[in-house]
Amino acid sequence: MMNIVEEAIIYATIKHQGVLRKFSDTPYILHPLEVAQIISTLTDDREIITAGILHDVVEDTDGTLEEIEEKFGKRVRDIVSSESENKYPEEDPHTTWKRRKDESLQALKRTTDTGVRMLWLADKLANIRTLARMYSEHGDAMWANFNQSDPTLQCWYYTSIAEQLELSFNKTGAFKELIKHINFIWPGTFASEKTRFMKYKEVSIDGCSLLGSGAKGDVYRYDDELIIKVFNGNNTYHDVEQEIAQARKSFILGLPSAISFGIVSVGDRYGAMFEVVDSDTLSRYIARSPGQLDTYAKIMADLALLVHDTKVTEDDGFLPANERVREYISGGVAIEDETLGRKCMTLIDNLPVGNTLVHGDFHSNNVFLQDGEPLLIDMDRVSVGNPIIEISDLYYFYVILGEDDPTVVENFMGFSYDTSKEFFTAFLKHYLGTEDEERLKEVTDKAALLGYSRLIRKFHKTGPAPGKHKDALNRCLTKISELSGRVDSLAL
């Protein structure tokens, strides 16, 4: 009696019968067999190996997912489905290439199925082996034969895949071979040590106290001297490296930033260790002693002024923060209301960038107090920009996020929504050095316009806005429309 792998070989051979590999005269079936062979170096799970044999059946033949499920089971179907790209058959494949790859990469980022990730690694390794052979014979001229002839975009695609797969497979020969071929075609893309044996220190956060959570990960107290930031699963090794590099650059410029001394693995996620001795987040200090709120608001304001007074040059390599704010408009407000979007974009276009820094994720969960002195973490968004962008972020975190549901802010910050709103007001008074209500309202209006734009962008990034989200979106648009009627400049 044949086993599932043998049955899959016969089925796939029939489906691919008569088809040849692109750029060669070899039978197409050799490619899925190569993919299955690579998977067999990673696992002996027959369902995953079977999915490797069948992975192109739906995409390139008249086979269907329903047929695969009937013959080989639901798990095989699900793994095959993860690599069955939408071909947009009614459109030119040259013009849909980037869209198709973006969609497939998003699916890879979301998956938690090891079998899916193995299939991706095996398929891309098999493909890049062919590319490397062609490149050694023809160089960049070979790209003219592909749906995507830009080698830079091809590099982006293979690099993005490798970054997504690294934590799961960095110790495997298959992954190291993938990196070797990427570096052969696009020299210097990855550090050479990635092709050699390398083992990240594995740590556990069992029993560790959660200090705070953010968009990119969670921060834990690891022991009396160390904290560990555990990044979300869709963050790559490159993302962690970038944050550490930004922190070092900021430290050299005089900002009180915690410096990581190592990347570790925490289960299937990356972590970064920081030496932050005998300290706690400012949020926790506020939660424990809300009566000292004004003192903590002044610490935050003084820290913000220090960041915003730090001058840099183009050679320092910090990106402009205005680009992030433009995305709030183009990816949200302008989609809902083109006229309002243009009005907001004009305000941003007229906002001076300057030559000073903003932190980019400035809130009390990202500030530690160590011996009474503040210490910043989460430095990956440090950029060049006008301080109003930072103030708008604070208004977003402390006020806007809790307007429809106060528990959102309370769960995030660890203290009440009323305290959160008081904290923002106290911060702004210290930051501006004034009690003048008109001046405070003027700056708050500017911050609110950008903050509500950010929330609309968030709704669009998470998909259609049903029910209460739709109501909140419309309320935000109304607010922005009102604010844009009385705000003629965003500059402080």
Side-chain angles (χ1 to χ4, degrees), residues 210-215 219 256 279-308 358-370 372-378 386-455 458 472 475-476 479-480 482-483 486-487 490 492:
L210 177 65
L211 300 179
S213 299
V219 177
S279 61
D280 213 339
T281 65
L282 194 59
S283 286
R284 288 196 162 198
Y285 279 95
I286 296 169
R288 288 195 293 265
S289 305
Q292 298 293 314
L293 182 145
D294 192 67
T295 299
Y296 300 132
K298 186 176 188 307
I299 289 173
M300 279 285 283
D302 289 345
L303 181 57
L305 288 167
L306 173 63
V307 175
H308 301 164
V358 292
H359 178 268
D361 197 15
F362 194 64
H363 54 76
S364 48
N365 280 339
N366 282 338
V367 178
F368 280 77
L369 283 186
Q370 183 169 283
E373 297 297 323
L375 197 62
L376 281 164
I377 63 169
D378 274 16
N386 194 285
I388 191 60
I389 296 175
E390 198 95 276
I391 295 173
S392 77
D393 289 339
L394 284 160
Y395 191 78
Y396 173 80
F397 287 126
Y398 290 96
V399 180
I400 290 176
L401 285 181
E403 287 181 334
D404 289 310
D405 183 359
T407 63
V408 173
V409 170
E410 291 168 355
N411 292 334
F412 181 49
M413 292 297 174
F415 44 81
S416 75
Y417 182 51
D418 286 340
T419 299
S420 180
K421 290 185 289 185
E422 289 175 24
F423 181 76
F424 174 80
T425 301
F427 164 87
L428 194 58
K429 288 178 179 179
H430 285 296
Y431 183 88
L432 297 175
T434 184
E435 296 272 346
D436 183 84
E437 292 297 329
E438 285 192 17
R439 175 61 173 155
L440 293 170
K441 185 176 188 311
E442 173 197 351
V443 175
T444 300
D445 282 350
K446 296 177 182 184
L449 190 149
L450 294 178
Y452 286 116
S453 300
R454 179 174 179 174
L455 185 58
K458 179 184 177 183
R475 180 177 56 79
C476 289
K479 292 266 192 182
I480 294 169
E482 294 171 355
L483 291 164
R486 59 178 183 262
V487 171
L490 290 173
L492 284 182

Looking at [X] and [Y], what are the two nearest heavy atoms and their distance?
| X | Y | value |
| --- | --- | --- |
| Lys429 | Glu435 | NZ-OE1, 3.5 Å |
| Gly360 | Asp393 | O-OD2, 3.7 Å |
| Pro256 | Leu306 | CD-CD2, 3.6 Å |
| Ala297 | Phe427 | CB-N, 3.7 Å |
| Arg486 | Asp445 | NE-OD2, 2.9 Å |
| Ser279 | Phe368 | OG-CD2, 3.6 Å |

Between [X] and [Y], is there a donor-acceptor pair closer than 3.5 Å when you use the side chain of the first and the backbone of the second?
| X | Y | value |
| --- | --- | --- |
| Asp361 | Asn366 | no |
| Glu410 | Tyr417 | yes |
| Tyr396 | Ile391 | no |

Between atom [atom1] of [X] and atom [atom2] of [Y], what is the distance when rounded to the nearest 0.5 Å?
| X | Y | atom1 | atom2 | value |
| --- | --- | --- | --- | --- |
| Arg288 | Asp280 | CZ | CG | 4.5 Å |
| Leu293 | Ile286 | CG | CD1 | 6.0 Å |
| His363 | Leu282 | NE2 | CG | 11.5 Å |
| Glu442 | Glu437 | CD | CD | 13.0 Å |
| Thr434 | Arg439 | OG1 | CZ | 8.0 Å |

Quiz item: Is any NZ, NE, NH1 or NH2 atom of the basic residue among Lys479 and Glu482 found under 4.0 Å from an Asp or Glu carboxylate oxygen of the other?
Solution: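 Here Lys479 does not pair with Glu482 in a salt bridge, since their nearest N and O are not under 4.0 Å apart.
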
Quiz item: Would the number of heavy atoms belonging to other residues, nucleotides or ligands and lying under 6.0 Å from NZ of Lys421 be above 12?
Solution: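 Result for NZ/Lys421: enclosed.
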
Is the closest side-chain donor-acceptor distance between [X] and [Y] under 3.5 Å?
| X | Y | result |
| --- | --- | --- |
| Tyr452 | Glu403 | yes |
| His430 | Asp294 | yes |
| Tyr398 | Ser364 | yes |
| Asn365 | Thr281 | no |

Quiz item: Are Leu450 and Tyr395 close enough, and set up right, to give a side chain to side chain contact (heavy atoms under 4.5 Å, CB included), and what steps lead you there?
Solution: CA-CA 9 Å; Leu450 294 178; Tyr395 191 78; over 6 Å; no

With heavy-atom distances below 4.5 Å as the criterion, would you say the side chains of [X] and [Y] are in contact?
| X | Y | value |
| --- | --- | --- |
| Thr444 | Phe424 | yes |
| Val367 | Leu376 | yes |
| Phe412 | Ser420 | no |

Quiz prompt | Result of checking Leu492, Ile389, Val358 against His308 for side-chain contact (heavy atoms from CB on, under 4.5 Å) | solution =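 For His308, the side-chain contact (heavy atoms from CB on, under 4.5 Å) test succeeds with only one of Leu492, Ile389, Val358, which is Val358.
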
Quiz item: Which is it for Arg475 and Asp404 under the side chain to side chain contact (heavy atoms under 4.5 Å, CB included) test, yes or no, and what are the steps along the way?
Solution: CA-CA 10 Å; Arg475 180 177 56 79; Asp404 289 310; 2.6 Å; yes

Exercise. Just jot down the side-chain hydrogen bond (donor to acceptor under 3.5 Å, both in side chains) partners of Asn386, sequence neighbours excluded, or say none.
Key: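 Partners of Asn386 by the side-chain hydrogen bond (donor to acceptor under 3.5 Å, both in side chains) criterion come out as none, since no residue qualifies.
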
Self-check item: Centroid-centroid distance, Tyr296 to Phe423, less than 6.0 Å
Solution: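 No: the rings miss the under 6.0 Å criterion.
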
Exercise. Could you give me the CA-CA distance, side-chain angles and deciding distance for Leu455 and Leu401, then say whether side chain to side chain contact (heavy atoms under 4.5 Å, CB included) is met?
Key: CA-CA 8 Å; Leu455 185 58; Leu401 285 181; 4.2 Å; yes

Exercise. Kindly indicate, with the supporting measurements, whether the criterion side chain to side chain contact (heavy atoms under 4.5 Å, CB included) is fulfilled by Leu303 and Phe362.
Key: CA-CA 10 Å; Leu303 181 57; Phe362 194 64; 3.9 Å; yes

